[in-house]
Structure formats: C-alpha cells, structure tokens
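Written out below as structure tokens is the structure these notes cover.
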2 protein chains.
Amino acid sequence: MANINPIRRAEIGREKRARTRAQLIEAGHALFAKQAVESVTVDDLIKEAGVAKGTFYVHFDGLEALIAAVAEDLVQSFDELLQSGRTSITEPALRIAFGCSSFIDKAREDPRWAAVAARIAATSPKGAESVRRRLFEDLQQFSQGLPDDGSAELRLEIVVGIMLQILRALSEGRLSSLDRNQVIAAILRAIGIDARHAESVIARLSAVSPVL
Amino acid sequence: MANINPIRRAEIGREKRARTRAQLIEAGHALFAKQAVESVTVDDLIKEAGVAKGTFYVHFDGLEALIAAVAEDLVQSFDELLQSGRTSITEPALRIAFGCSSFIDKAREDPRWAAVAARIAATSPKGAESVRRRLFEDLQQFSQGLPDDGSAELRLEIVVGIMLQILRALSEGRLSSLDRNQVIAAILRAIGIDARHAESVIARLSAVSPVL
DNA sequence: AGTCATATTGACTTTATGGTCGAAATGACT
DNA sequence: AGTCATTTCGACCATAAAGTCAATATGACT
C-alpha cells in the first residue's frame, strides 16, 4: 500500500488548483476586454477557459468573486508597474507624472490590458480604491505645496477621468499616434501646475522613464 | 351604430401610446441610474414602469431599442441644455466652457440625470456621438487659434474624460461642494489655455451663465 | 501495478429571461 | 347602452443561465 506524504500531496494539489484558477482569471481578462463585465456569463467563462462548469464553482462562489479576483490581479499589475518609481521619487508632481506615464506606456503596448482596466474600474470601485487612494495621497501632498485654491478631491477626479478616458481611447483604437508627454502635460496643467513648470517635470520624467 | 371619425380615433390612440412609451423610457432612466445598463432586464423594466410584458414589446423591439430611445431622450435634453449658448457664443473657448458648465449645473441639480448620462455614454458610443462631434468641432476651431502642438483628438478625449468623471462623481455623491468654475478652469488649462486667459473666459462665462 | 487524496467533470435541476399571442380593457362617439 | 379601433394585459412557451453533486480522472508515490 502506498501511503504518500500528505504534505507533498497537498502541495501538488495546490499547484494544480492554482493553474486552473489562473486559467479562469485569464479567461476573465479575455472576455472583459471585449464586452461589458455585467454581460459575461459563467458559461462564457468556462468555454473561454476550456474548463467544466463544476470547476468554476470549485474556485469561485460566483461571478462576483471572479470579477473581484480579476480586479485584484489588475491591482497587482499596477503595483508592479509603479514599484520602481514609488520609492525613488519624492516630488509629488513627478510621482503623479510617473504613475500616469507608466499607465499610458502599458496601455499602448497592451491595449487589452487597457480595456480590462477601464471596464473593471467602472464596475468595481472597491478594486480601484487602492489605486485611487495612493494617487489621492500624492495629490494631497501636492496641494499643500501651492497657495492655489481647489481641492485634492477635485484634482483626483480630474486625473482619474483623463486617465480612464485615455485607456478607453487606446483600447478602442483611437489616439493611435498618441504623444505620451502631451497627456502628462495636460494633466499637470489641469491640476494647477503652470505650463512652464509642467515642462520641467516632463523633462525630469524622461530621465526616469524614457519615452518609448 | 356608432361610426366614429377614424382620424380622431388614431389621435386618441397616439396619445395613449405616447404616455405608455414615456413611462417605459422613464423606467429606463430610473434603472440605468442605479445599475449597469447591461444588467437591466425586460422584467425589471416592466415592473418599474408598472406595465405588462406584452406592452413593452408593442413599443420596443427589445432592450437595445429601449436603450437607444433613452439615449435619444438624453441627447434631446443635451440639446435643450446647450441651445441658448449654441447660437449666441462664437468664441470656441467660451463655447466649450459654456457647454461644460451647463452639464455641471444640470448634474448638480439632478444627480440621477448625471448617472444615466455617464452610463449611457459608456454603453452606446453611437448615442454620445452627436455630442462628441459638436465638442470636437469646437475644439478643432479652437486648436487653429493657437500655435501650440497637440491634436484636437487628444483634447476631445481629455474634455470628455473629465466631464464623464465629474458626472460619475456627482451621481455617486462625491464632490458635493464642487465649485463649477474650478472644473471649467481645469478643463481650459488642460486643453492648453494659460491660467490667465482661462480666468478671463470664466469671467465672461459668468455673464452668460451665472453661478447657481 | 495499485493506492488515495485531490481536482475535475458534465449531466442534471432550478430559476431567470426573452419573446408570443389571444383575450380583455379602454374610451370617444352615437 | 352599445360599437369598435386601438391599446394593454398576462399566462404561456422556449431558451439561457445559475448552481449542484455523484462519478471520474489525475498523478506522485510505494
């Protein structure tokens, strides 16, 4: 009789589970990239993932749970994207510029990612909350620096609004010849940085994150 | 035997139809204000409208047709909103400022309208297209006026992005103490108008459209 | 080759949704 | 009160989607 090490058994199981779960999440990305999140069904998902229906319910309680998992996956990709600048840049305006330019670069090289990010952001405000919060903190710090009126709350909506729209445009094939720095400049001016200062931030940005 | 005037008959019928149709569209507004367009069902609609299922199909071929009708209804409300400024204002920047401020005023006094407008804009690009086009024409004209680089296409996405996000924020109860002119100023700066000139546009805007 | 903990499967049940149609209601008119 | 063009009604059917679970497959190990 074969009495196998139960710890090893569990490990093998975990790996298999993880692979299948990843397939399901990947299928979510693929589908959310081409249709509204609310219109995706469990059957769509399992067909796309090449998996049986029961398997879906082993991994997720329902569609909401899968959407949340895709959102989490996305947030993780944001973190990886922003990690390099997060620690090294201290000036708020440059931090914001760096974050936005990272998003734009990523969106240009991976329009599917842009589509999913825009859709998920519109769907589950909970998932997008962590990204919003970090941006908001930068904006609060930035707002202290100038005597200008205008709340960090409003600036937050403005930056988020522009970025989401750019993501949507890129994912839908518009703005194919987009100049990244023009977007950054517009954002910086919108939140109250004068045109001259905006250019200087962009110049420094190019050193941290060269234009593609 | 009563042989009634058939023309009069038709007229009565038309009025009744129109009322029921309006109920259905109103139900659409109510539902789209609180949930994703794609998640609304025919049963939701008829329950909200207080009407039988068959009646729905007498008036609309299906959900898509109703969504289109709601979108059209919305575009009509845009037209009414913008009509006064449309003819009298010729300066592009001021026209844009006027349009945006009209939207913001409307959204503040009717958050439900804001929610529906934002959702429909995201759903049916066809419906939003007429509004986009007019804004784009103003932006093209505006772009000619200055030696600045940057395309009208990009400016369009920026203005639309900010406006949609403001609509969303207002409809979700954020930015309750919003200063309309701060948003307009941010938009004008974002599209390349320097801060001083933006203030002058806003000053003139106040004459055309007084702050609430 | 045989074992067994674990994961996967897909047929099945239930519920939700889209869509149809003959019957009933409406209401202005005589 | 009776007529009739027109609209509305809601029970009904067919299909789609959600959700369940006993049976089957997997694969590392002896």
Side-chain angles (χ1 to χ4, degrees), chain A residues 1-28 30-32 34-70 123-124, chain B residues 1-28 30-32 34-70 123-124:
Chain A
M1 282 155 258
N3 220 335
I4 292 178
N5 179 358
I7 295 174
R8 175 77 184 115
R9 266 268 162 84
E11 190 187 330
I12 291 163
R14 245 180 290 127
E15 278 167 18
K16 202 186 225 177
R17 273 180 77 80
R19 235 177 303 134
T20 306
R21 190 186 142 95
Q23 276 176 45
L24 253 357
I25 290 178
E26 164 57 28
L31 291 173
F32 297 156
K34 49 185 177 192
Q35 59 190 278
V37 173
E38 291 82 1
S39 75
V40 171
T41 68
V42 175
D43 285 298
D44 290 340
L45 243 355
I46 63 169
K47 190 180 169 189
E48 178 75 29
V51 133
K53 200 161 197 176
T55 306
F56 174 86
Y57 285 98
V58 167
H59 290 275
F60 301 99
D61 279 348
L63 281 171
E64 269 190 48
L66 177 121
I67 295 167
V70 172
T123 306
S124 65
Chain B
M1 280 152 259
N3 221 334
I4 293 179
N5 179 357
I7 296 175
R8 174 79 185 115
R9 266 267 162 83
E11 190 187 327
I12 292 163
R14 246 180 288 127
E15 278 167 16
K16 201 185 223 176
R17 273 179 78 81
R19 236 175 303 135
T20 307
R21 191 187 142 95
Q23 276 177 44
L24 253 358
I25 290 178
E26 162 59 27
L31 291 173
F32 297 155
K34 50 186 178 193
Q35 60 189 276
V37 173
E38 291 81 2
S39 75
V40 171
T41 68
V42 176
D43 286 297
D44 290 340
L45 242 355
I46 62 169
K47 189 179 169 190
E48 178 75 28
V51 134
K53 202 161 195 177
T55 306
F56 175 86
Y57 284 98
V58 167
H59 290 274
F60 302 98
D61 279 348
L63 280 172
E64 270 190 46
L66 178 120
I67 294 167
V70 172
T123 307
S124 66

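Within every chain, numbering begins at 1; the chains are lettered A, B, ... in the order of the sequence lines, protein sequences first and strands thereafter.
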Residues touching DNA chain D, which here means a heavy atom under 4.0 Å, drawn from residues 61-70 of chain A: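 DNA chain D contact set from residues 61-70 of chain A: A/Leu63.
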Nucleic acid contacts of residues 44-55 of chain B, taken as heavy-atom distances under 4.0 Å to DNA chain D: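 Result for residues 44-55 of chain B: B/Val51, B/Ala52, B/Lys53, B/Gly54, B/Thr55, sorted by number.
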In whole angstrom, what separates [X]'s [atom1] from [N]'s [atom2]?
X: B/Glu38; N: D/dA16; atom1: CD; atom2: P; answer: 20 Å
X: B/Asp43; N: D/dA11; atom1: CG; atom2: C1'; answer: 13 Å
X: A/Glu15; N: C/dA5; atom1: CD; atom2: P; answer: 19 Å
X: A/Arg14; N: D/dT26; atom1: CZ; atom2: C1'; answer: 17 Å
X: A/Phe60; N: D/dA17; atom1: CZ; atom2: P; answer: 20 Å
X: A/Tyr57; N: C/dT14; atom1: OH; atom2: P; answer: 16 Å

N/O to N/O distances under 3.5 Å, protein versus nucleotides 22-24 of chain D:
none

Any B/His59 side-chain N or O less than 4.0 Å from OP1/OP2 of D/dT8: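 The answer is yes; a side-chain N or O of B/His59 sits under 4.0 Å from OP1 or OP2.
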Rounded to the nearest 0.5 Å, what separates atom [atom1] in [X] from atom [atom2] in [Y]?
X: A/Thr55; Y: A/Arg21; atom1: OG1; atom2: CZ; answer: 14.0 Å
X: A/Thr123; Y: A/Ile67; atom1: OG1; atom2: CD1; answer: 7.0 Å
X: A/Ile25; Y: A/Leu45; atom1: CD1; atom2: CG; answer: 10.0 Å
X: B/Glu26; Y: B/Leu31; atom1: CD; atom2: CG; answer: 9.5 Å

If I compare all heavy atoms of [X] with all of [Y], which pair ends up nearest, and what's the gap?
X: A/Lys34; Y: A/Ala30; answer: CG-O, 3.5 Å
X: A/His59; Y: A/Arg17; answer: CE1-O, 3.3 Å
X: B/Leu24; Y: B/Ala49; answer: CD1-CB, 3.6 Å
X: B/Phe60; Y: B/Ala69; answer: CE2-CB, 3.7 Å
X: A/Gly28; Y: A/Val70; answer: CA-CG2, 4.3 Å
X: A/Phe56; Y: A/Val42; answer: CD2-CG1, 3.8 Å

Residue whose closest nucleotide on DNA chain C lies nearer the 5' end, A/Thr20 versus B/Val42: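 With A/Thr20 and B/Val42 compared, the 5'-side residue is A/Thr20.
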Candidate nucleotides D/dT8, C/dG18, D/dA18, ranked by approach to the side chain of B/Thr41 - the nearest: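 Nearest to the side chain of B/Thr41 among the choices is C/dG18.
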